[in-house]
Amino acid sequence: MIWGVSSQGWWMAKMGALFLGAAIVTGLVGRLGEKRLTGAFVDGARDLLGVALIIGLARGIVVVMEQGRIADTILHASEQTLGGLSDVAFISTMFVIELGMSFFVPSSSGLAVLSMPILAPLADFAGVGRDLVVTAYQSANGLVNLINPTFAVVIGGLAIGRVPYERWIVFIWPLLLILTVFIVSTLAVGAWMKGAVV
C-alpha cells in the first residue's frame with residue numbers, strides 16, 4: 001500500500017481492492033473456510049459502517065460549504081478575527097477549537113474531512129505551518145477520545161472491563177491535565193521556533 005500510494009498514485013479504489021485481497025488471502029492462510037471467512041468479513045464491515053457514514057456525512061457538509069461559498073465566508077471571518085494573533089496564540093486557539101470539534105465528531109477521519117479544509121488555509125493566512133495545525137488536530141482528537149462518551153471504543157472498553165464511566169473520568173483526569181499542558185507547551189514551542197526561524 002505504501003508503495004502504491006507513494007509512487008503509483010493509488011487512492012481509495014485501489015487501496016480498497018488491496019484490503020479486500022488481503023482479507024481473502026488471510027482467510028485462506030488461516031483456513032477459515034468460506035462460511036467463517038464471509039462471516040468475519042461481514043462482521044468487520046458492520047463495525048466500520050458507522051465510521052463510513054460519519055465520513056460520508058462530513059464530506060457532504062464540506063461539499064455544501066464549498067459549493068455555497070460558506071467555507072470562503074468562514075475563512076474570511078476567521079482571518080479577520082484571528083489574523084492579529086501571535087503564532088503561539090493562534091496554534092493554541094486551533095487546539096482549543098479542535099478539542100471542541102473532537103467532542104462532537106469522535107471519528108478522526110470525519111473530523112479531518114470536516115475541519116482541515118478550513119483550518120489548513122487559515123494557518124496559511126496566519127503564517128503558521130500546516131504541520132502544526134495537523135498536530136493540534138491529532139493531539140486534540142486523541143485527547144478527547146480518551147473520555148468521549150460518544151466514542152465507541154471508550155464505552156465498549158469500559159463495558160468489557162466493567163468500569164463505570166464516572167470512575168474512569170475520576171481516574172483519567174490527572175493524566176488529561178498533564179497531557180493538555182504538555183501538548184499546548186509543545187505546540188507553543190513549535191510555533192515559536194518556526195516564527196523565530198522565519
Side-chain angles (χ1 to χ4, degrees), residues 1-7 9-12 15 51 54-55 57-59 61-63 65-66 70-154 157 168-198:
M1 185 177 75
I2 294 170
W3 169 79
V5 171
S6 63
S7 65
W10 287 13
W11 197 233
M12 290 298 176
M15 286 191 295
V51 174
I54 289 171
I55 292 171
L57 181 63
R59 180 64 189 144
I61 291 170
V62 169
V63 168
M65 288 175 64
E66 287 175 353
I70 298 168
D72 296 339
T73 304
I74 293 172
L75 276 173
H76 179 69
S78 300
E79 180 194 3
Q80 299 298 318
T81 305
L82 303 174
L85 294 178
S86 68
D87 293 353
V88 172
F90 177 83
I91 199 63
S92 300
T93 303
M94 290 298 101
F95 178 70
V96 171
I97 289 169
E98 288 290 359
L99 278 175
M101 291 179 69
S102 294
F103 186 80
F104 296 107
V105 184
S107 165
S108 56
S109 305
L111 181 63
V113 169
L114 191 61
S115 65
M116 282 301 124
I118 299 291
L119 298 183
L122 192 56
D124 295 340
F125 289 138
V128 174
R130 288 184 172 201
D131 53 338
L132 285 173
V133 173
V134 171
T135 303
Y137 142 76
Q138 289 176 320
S139 302
N141 188 250
L143 196 65
V144 170
N145 281 345
L146 289 172
I147 59 164
N148 199 340
T150 61
F151 190 47
V153 173
V154 170
W168 172 247
I169 294 297
V170 170
F171 173 78
I172 199 74
W173 80 262
L175 177 62
L176 291 176
L177 184 61
I178 292 167
L179 287 174
T180 301
V181 169
F182 177 75
I183 291 166
V184 170
S185 302
T186 304
L187 288 171
V189 168
W192 176 77
M193 288 177 67
K194 275 200 180 260
V197 169
V198 174

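Positions are given from 1 along the sequence.
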Return the CG to CG distance between Asn141 and Asn148, rounded to the nearest 0.5 Å. 9.0 Å
Show your working on side chain to side chain contact (heavy atoms under 4.5 Å, CB included) between Trp173 and Leu177 and close with a plain yes or no. CA-CA 6 Å; Trp173 80 262; Leu177 184 61; 4.1 Å; yes
Of all the heavy-atom pairs spanning Ile2 and Ser6, show the shortest one and how long it is. O-OG, 2.6 Å
Of all pairs that satisfy side-chain hydrogen bond (donor to acceptor under 3.5 Å, both in side chains), the ones with a partner from residues 180-189, not counting sequence neighbours: none
Please check: side-chain N/O of Trp168 versus main-chain N/O of Leu146, any donor-acceptor pairing under 3.5 Å? yes
With Leu99, which residues qualify under side-chain contact (heavy atoms from CB on, under 4.5 Å), at least two apart? Phe95, Ala140, Leu143, Val144
Which atoms form the tightest heavy-atom contact between Met1 and Trp10, and what is the distance? CA-CZ3, 4.3 Å
I need the Leu179 CG to Ile172 CD1 distance, nearest 0.5 Å. 8.0 Å
Separation between CG of Leu132 and CG of Asp87, rounded to the nearest 0.5 Å: 8.5 Å
Using 0.5 Å steps for rounding, measure from the CD1 atom of Ile97 to the CG atom of Leu122. 7.5 Å
Identify the heavy atoms of Ala123 and Gly129 that sit nearest to each other, and give their distance. CB-O, 4.4 Å
What distance do Ser92 atom OG and Ile183 atom CD1 have between them, rounded to the nearest 0.5 Å? 11.5 Å
Quick test of your reading: applying salt bridge (charged side-chain N to carboxylate O under 4.0 Å, His left out), list the pairs with at least one residue in residues 95-124, sequence neighbours left out, ordered by first then second residue. Asp124-Arg130
